[in-house]
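What you are looking at is a predicted structure, and each value in this text was computed from that prediction instead of being measured. Values reported hereafter were calculated over all heavy atoms of this structure, with side chains retained and with hydrogens, waters and symmetry mates removed.
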Amino acid sequence: MTDPWEALAVSAAADPPLRRLFDIEPDRVHGLTFEACGLALDLSKQPWSQATFARALDLVAAADLPAARQGLFAGEPVNASEGRAVLHMALRAPEAGPWTALGQDVTDEVRSARDRILAFAEEVRGKGEIDAVLHIGIGGSDLGPRLVWEALAPVAPGIDLRFAANVDPSEITAALAGLDPARTLVMVVSKTFTTQETLFNARAARAWLETAPGAGSRLVAVTAAPEAAAAFGVAPERLFPFADWVGGRFSLWSAVGLSCAIALGPEAFSGLLRGAAAMDAHFRQAPAGENLPVVLALAHVFNRDILGRPARAVVPYARRLRLLPAFLQQLEMESNGKRVGRDGRPVARPTAGVVFGEPGTNGQHAFFQALHQGTDVIPLDILAVRQPVEGDPAAHRALLANAVAQAEALMAGRTEAEALQAAGGDPVLAAQRAFPGDRPSGFLLMERLDPPTLGALLALFEHKVFVEGLLWGLNSFDQWGVELGKVLAARILPELEGGPAGMHDPSTEALIARLRSD
């Protein structure tokens, strides 16, 4: 039997340049454009022929996606290294059930947790006693809610939402600036309630809250370790637990999103859940060749493994989505940035590449030079929103024109003959003004930026990561690579505070000595 990876590589090697594919495949745009849940994904500017795309689908068949997907949604221990189910989809599902995690029915737990989130959000908004919410967390306990707030926040919010993640004291200082401790709700979000950065910021915020009466009523915790939160001083009625089967970077849909439910309103949060649930249904039901998470994963795997491209740029042409590249950095690089597979053996091929980006059009005036004329081919994912959110419609059309133009320019390029004419016949200048073209991009168009469509977008990327991990043979739901630095930092901190020196390499010892010096 032919190895599907080898067959894909052979097919790709026989493909003509990307520019020519549009001439020889007249139905290419139709065949490589996919739609669901208010999203349209154009992969026609990816460097594969339709025949090669069909070979890419063979990877999914060989990996038995239906069985893996069934195990995920059935609550099986797909996070095998930690013996956990991965069931964040249940958090956003419609009322229909049941949902089980490791064979235990969790349907009632999910429903009651959701009802409590929405009821508390309504209560806080209804009383009118809170002007701001301070959300303290880091990583998965920060990036999802922060992205959602940036994307959907009113221009003049009735309740402000601020975030503190970094242990750098400047962050908590800036987050608290101008707030009234008597009218601010502080929410500490930590799965284990042991994360160093979060606890430093939480202690500072708690001390600040206590400068006004009734501080305990304005301190909330969201955690999978309720005993630790209670020991920190959080009252039982202000404690929102979430289950062990909710991974940090997939936790937005749980009580981790409570800050957004309060600041945006319960209806907006419910809309976010509905949109994600719609993408869950699409992922479960759509054939592989029409399935947005599947085909997007294949495009990224194709560039990474078949064409050897180790980085990908993500550029949202929407200022409100400017945090999406950072969100995807964590989602993709923490989930699949691994060199050992589920079987404990080294992987057979490269896994998650580097993800970076900035919003358009800002990025065009920064790293796009390297995308167009650099020595490395760096695939680009462009995201745009068809309907303007606010402001001048003419400016929004200019934004969209730039998004479309960049994708065309990367693909078409400019030959030296064309550049020679533009350069007035100067061959030296023409060489510098030529663009090689043939550089890939994907174009993901959101019909509108509203809670359901945003929920669908984030769920799309979650499931894409799952498909990639399946193809690479990875457990996408653990993150052991995060641990070692934390362990060493805990050892070094007492040394910086004057404790006895430990055993380190000469460079580390020299840095500690320099940092301890007066």
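What you find for Asn475 and Val78 is that their closest heavy atoms are OD1-O, 3.7 Å. Between Ala85 and Gly75, the shortest heavy-atom contact is CB-O, 3.3 Å. Of all heavy-atom pairs spanning Gly144 and Leu252, the tightest one is C-CD1, 3.9 Å. Nearest heavy-atom pair across Ala151 and Leu454 is CB-CD2, 3.8 Å. The nearest pair of heavy atoms linking His282 to Pro293 is CD2-CD, 3.9 Å. The shortest heavy-atom contact between Pro154 and Pro157 is O-CD, 3.4 Å.
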I'd like to know whether Trp253 forms a side-chain contact (heavy atoms from CB on, under 4.5 Å) with Val246, so could you lay out the CA-CA distance, the side-chain angles of the two residues, the decisive distance to 0.1 Å, and finally the verdict.
CA-CA 9 Å; Trp253 322 101; Val246 180; over 6 Å; no

Going through the distances and angles, do Gln104 and Trp245 end up as a side-chain hydrogen bond (donor to acceptor under 3.5 Å, both in side chains)?
CA-CA 12 Å; Gln104 180 179 357; Trp245 41 259; over 6 Å; no

Report the C-alpha distance between Arg319 and Glu390 in whole Å, list the side-chain angles of each, state the deciding distance to 0.1 Å, and finish with yes or no for salt bridge (Lys or Arg N to Asp or Glu O under 4.0 Å).
CA-CA 11 Å; Arg319 173 189 170 278; Glu390 64 244 323; 5.9 Å; no

Please lay out, stage by stage, how Leu72 and Val86 fare under the test side-chain contact (heavy atoms from CB on, under 4.5 Å).
CA-CA 7 Å; Leu72 175 71; Val86 178; 4.0 Å; yes

Could you walk me through whether Phe283 and Val294 satisfy the side-chain contact (heavy atoms from CB on, under 4.5 Å) test, starting with their C-alpha distance in whole Å, then the side-chain angles of each, then the deciding distance to 0.1 Å, before giving a yes or no?
CA-CA 8 Å; Phe283 178 54; Val294 172; 4.2 Å; yes

Test side-chain contact (heavy atoms from CB on, under 4.5 Å) on His504 and Leu511; report intermediate values, then the result.
CA-CA 10 Å; His504 302 281; Leu511 286 169; over 6 Å; no

Do Phe240 and Phe120 pass the ring-ring contact (aromatic ring centres under 6.0 Å, His included) test, and can you show the C-alpha distance, the side-chain angles, and the key distance before you say yes or no?
CA-CA 10 Å; Phe240 291 81; Phe120 185 71; 5.1 Å; yes

Apply the test salt bridge (Lys or Arg N to Asp or Glu O under 4.0 Å) to residues Lys127 and Glu129: give CA-CA distance (whole Å), side-chain angles for both, the deciding distance (0.1 Å), then the verdict.
CA-CA 5 Å; Lys127 286 184 176 180; Glu129 297 173 354; 5.1 Å; no

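Considering CG of Leu298 and CG of Asp305, their distance stands at 11.0 Å, rounded to 0.5 Å. Taken from CZ in Phe466 to CZ in Arg69, the straight-line distance is 8.5 Å, to the nearest 0.5 Å. Of the inter-residue distances, the one linking Leu91 atom CG with Glu109 atom CD reads 9.0 Å to the nearest 0.5 angstrom. Separating the CD1 atom in Ile172 from the CG atom in Asn201 is a distance of 4.5 Å, to the nearest 0.5 Å. Taken to the nearest 0.5 Å, the CZ atom of Arg146 stands 8.0 Å off from the CD atom of Glu150. To the nearest 0.5 Å, the span separating CG on Leu185 from CD1 on Ile159 amounts to 9.0 Å.
Classification of Arg312 and Glu332 as a salt-bridged pair holds, one side-chain N sitting under 4.0 Å from a carboxylate O. Salt-bridge check for Lys191 with Glu82: failed, with every basic side-chain N at 4.0 Å or more from each acidic carboxylate O.
Remark: Arg84 is not positioned above the aromatic ring of Phe477, lacking an NZ or CZ atom under 6.0 angstrom from the ring centre and at most 45 degrees off the axis. In this structure, Arg203 forms a cation-pi arrangement with Phe200, its terminal cationic atom sitting closer than 6.0 Å to the ring centre and no more than 45° off the ring axis.
Put simply, the side chain of Ser141 does not reach to within 4.5 Å of the side chain of Ser190, judged on heavy atoms. With contacts defined as side-chain heavy-atom distances shorter than 4.5 Å, the pair Leu199/Phe193 qualifies. Contact check for Phe250 versus Ser476: no side-chain heavy atoms found under the 4.5 Å cut-off. Between Leu219 and Val188, some side-chain heavy-atom pair lies under the 4.5 Å cut-off. Using a 4.5 Å cut-off on side-chain heavy atoms (C-beta onward), Leu470 and Val467 make no contact. When side chains are defined from C-beta on, Leu383 counts as touching Val314, because their heavy atoms get closer than 4.5 Å. His463 has its side chain within reach of Met89: a pair of non-hydrogen atoms, C-beta onward, lies under 4.5 Å apart. By the 4.5 Å heavy-atom criterion applied to side chains, Met279 and Glu462 are not counted as neighbours.
Within a 6.0 Å sphere centred on CZ of Arg491, heavy atoms belonging to other residues, nucleotides or ligands number 12 at most.
A donor-acceptor pair under 3.5 Å links the side-chain atoms of Arg238 to the main chain of Ser217, judged by distance alone. Side-chain atoms of Glu495 come within 3.5 Å of backbone N or O of Gly502 as a donor-acceptor pair. The closest donor-acceptor contact from the side chain of Asp381 to the backbone of Leu444 lies at 3.5 Å or more, if one exists at all. Side chain of Glu447 to backbone of Gly38: no donor-acceptor contact under 3.5 angstrom is found. Using modelled atom types, one side-chain atom of Arg342 and one backbone atom of Leu474 make a donor-acceptor pair closer than 3.5 Å. Between the side chain of Thr453 and the backbone N or O of Asp450 there is no donor-acceptor pair closer than 3.5 Å. Put simply, the side chain of Glu197 never gets that close to the backbone of Asn166: no donor and acceptor are under 3.5 Å apart. Within the 3.5 Å criterion, the main-chain N or O of Asp160 finds no donor-acceptor partner in the side chain of Asp131. Between the side chain of Arg162 and the backbone N or O of Ala177 there is at least one donor-acceptor pair closer than 3.5 Å. Counting only distance, with no hydrogens or angles, the side chain of Arg304 and the backbone of Thr351 share a donor-acceptor pair below 3.5 Å.
Across Thr361, Leu321, Leu371, Leu380, a single residue satisfies side chain to side chain contact (heavy atoms under 4.5 Å, CB included) together with Val315, and that is Leu380.
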Could you list the donor-acceptor pairs under 3.5 angstrom formed by side chains in residues 255-276, with sequence neighbours left out?
residue, atom, partner, partner atom, Å
Ser259, OG, His135, ND1, 2.8
Ser270, OG, Pro266, O, 3.0

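Using bins of under 30°, 30° to 60° and over 60° for the plane-to-plane angle, the ring pair Phe367/Phe356 lands in the perpendicular bin.
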